[in-house]
Peer 1: 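Before I ask anything, here is the structure I am working with.
Basis for what follows: all heavy atoms, side chains included, without hydrogens, waters or symmetry-related copies. Both ligands and their constituent atoms are indexed starting at 1 by order of listing.
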Amino acid sequence: MLISVIIPCYNEEEVINATYERLKKVFSNSKLNNYEFIFINDGSKDKTLELLTQISQKDKNAKVISFSRNFGHQCAVSAGINECNGDVAIIIDADLQDPPELIPEIITLYEKEKANVIYCVRKERKGETFFKKFTAEMFYKFLNMLSEVNIPLNTGDFRLIDKNVIETFKKMPERNKFIRGMISWIGFKQIPFYYVRDPRLAGETKYPLKKMLKFAFTGIFYFSKKPLKLAINLGFISILVGIFLSLYALIGHFSGIIPTVPGWASIMITVIFFGGIQLLTIGVLGEYIGNIFDEVKKRPEYIIEKKINFEE
Ligand code: UDP
Ligand code: MG
């Protein structure tokens with residue numbers, strides 16, 4: 001069984017050697033000697049590519065895909081899945097938050113359960129901010145409320161996928177990928193594996209708020225059409241409120257119960273309220289149109305500048 005390990009790397013010069021050493025140790029200490037490491041250099045601006053090149057010169061099982069610029073974590077993982085040759089692939093972060101030493105256990109579980117996906121669930125997340133954990137929890141609950149597929153809580157992309165899933169994934173053509181959701185959507189037999197997530201070994205998170213938001217929006221707008229229904233529902237509610245307010249104004253005016261000239265506040269409130277609803281729903285439409293725009297352009301998801309240790 002050939003095992004492919006997919007490691008997306010963006011500005012990871014501080015950890016990349018340690019990551020390689022720990023992975024190497026896992027694979028030389030165990031029966032797992034048929035493996036390939038696929039490092040994806042996602043347009044790093046530091047020495048990551050240099051270090052990866054050195055590693056790949058010493059070790060033919062260490063392969064490198066280097067992008068022409070930073071395309072983002074999901075594109076990097078996607079490239080790894082597209083280019084891997086393994087019977088199973090394991091996606092793991094470069095910063096050693098997901099301990100490589102767990103890989104043999106994951107593989108044992110995979111063989112025992114005859115599963116297609118082993119997704120790793122974080123029992124505990126060391127060294128992450130309250131803000132990150134809280135927003136992540138809210139986001140996944142919200143996403144599960146909206147979407148038809150159930151995306152497990154406290155789960156990242158650290159997981160094992162088998163050939164079936166790899167091949168199915170390759171046939172899914174969307175440009176903006178939300179990989180954990182796509183794999184849940186694919187189905188087959190998916191089994192959780194519980195673990196404790198370590199803090200990042202060194203360096204800063206490569207997921208600033210902006211990237212996190214883009215990721216979250218892809219998750220929502222690619223996995224749910226409910227926001228569109230929300231727009232319709234808000235439209236209906238506002239029509240009802242509008243009818244009610246018109247009746248109130250007409251009856252009030254003709255019966256003389258309410259003086260009609262000092263109606264400034266009510267006009268302001270309705271204008272602001274309906275203006276808000278309209279902008280919100282136009283925004284929702286805009287998101288979907290933007291995504292359709294991305295898809296119809298049919299640009300490649302990422303550009304590979306260089307590949308090392310891949311056979312042509
Ligand atoms: N990463 C990437 N491209 C990016 C951002 C991140 O390939 O644009 C990689 C990064 O090198 C790491 C993984 O994605 O291996 C997860 O990123 P990070 O650890 O910074 O995220 P966090 O764990 O803080 O959510
Ligand atoms: Mg990390």
Peer 1: If we ignore hydrogens and angles and just use 3.5 Å, is the side chain of Asp95 paired with the main-chain N or O of Gln97 as donor and acceptor?
Peer 2: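 Here the side-chain-to-backbone pair exists.
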Peer 1: The Mg ion (ligand 2) to Asp93: any N/O/S contact under 2.8 Å?
Peer 2: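 For Asp93, the answer is no, given that no N, O or S atom comes within less than 2.8 Å of the Mg ion (ligand 2).
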Peer 1: By the definition ring-ring contact (aromatic ring centres under 6.0 Å, His included), identify the one residue from Tyr222, Phe221, Phe293 that meets it with Tyr288.
Peer 2: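 Option passing the ring-ring contact (aromatic ring centres under 6.0 Å, His included) with Tyr288: Phe221.
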Peer 1: Out of curiosity, is Arg197 lining ligand 1, as in a heavy atom under 4.0 Å away?
Peer 2: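 Heavy atoms of Arg197 do come under 4.0 Å of ligand 1.
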Peer 1: Below 4.0 angstrom from a heavy atom of Asp42, which ligand 1 atoms are there? Numbered from 1 as shown, please.
Peer 2: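 Every atom of ligand 1 under 4.0 Å from some heavy atom of Asp42: 2 (C), 3 (N), 4 (C), 7 (O), 8 (O).
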Peer 1: Heavy atoms only: which of Phe71, Tyr207, Phe215, Tyr10 is nearest to atom 21 (O) of ligand 1?
Peer 2: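 Nearest heavy atom to atom 21 (O) of ligand 1 lies in Tyr207.
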Peer 1: Just need the protein heavy atom nearest to atom 6 (C) of ligand 1, so name the residue and atom and give the distance.
Peer 2: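 Minimum-distance protein heavy atom for atom 6 (C) of ligand 1 reads Lys206 CB, 3.5 Å.
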Peer 1: With under 30° as parallel and over 60° as perpendicular, where do the rings of Tyr302 and Phe67 fit, or are they tilted in between?
Peer 2: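 Parallel: the ring planes of Tyr302 and Phe67 meet at under 30°.
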Peer 1: Report yes or no: does Lys132 have a heavy atom closer than 4.0 Å to ligand 1?
Peer 2: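 Checking ligand 1 against Lys132, which is what was asked, there is a heavy-atom contact under 4.0 Å.
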Peer 1: Using a 6.0 Å cut-off, check whether atom NZ of Lys132 has over 12 heavy atoms from anything other than its own residue.
Peer 2: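 More than 12 within 6.0 Å, yes.
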Peer 1: Between Gln97 and the Mg ion (ligand 2), is there a contact where an N/O/S atom of the residue lies under 2.8 Å from the metal?
Peer 2: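 It does: Gln97 brings an N, O or S atom closer than 2.8 Å to the Mg ion (ligand 2).
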Peer 1: Please confirm whether Lys211 approaches ligand 1 to less than 4.0 Å, judged on its heavy atoms.
Peer 2: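 Heavy atoms of Lys211 do come under 4.0 Å of ligand 1.
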Peer 1: With heavy-atom distances below 4.0 Å as the criterion, list the atoms of ligand 1 near Glu12.
Peer 2: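 Checking each atom against Glu12, I get 10 (C), 11 (O), 12 (C), 15 (O).
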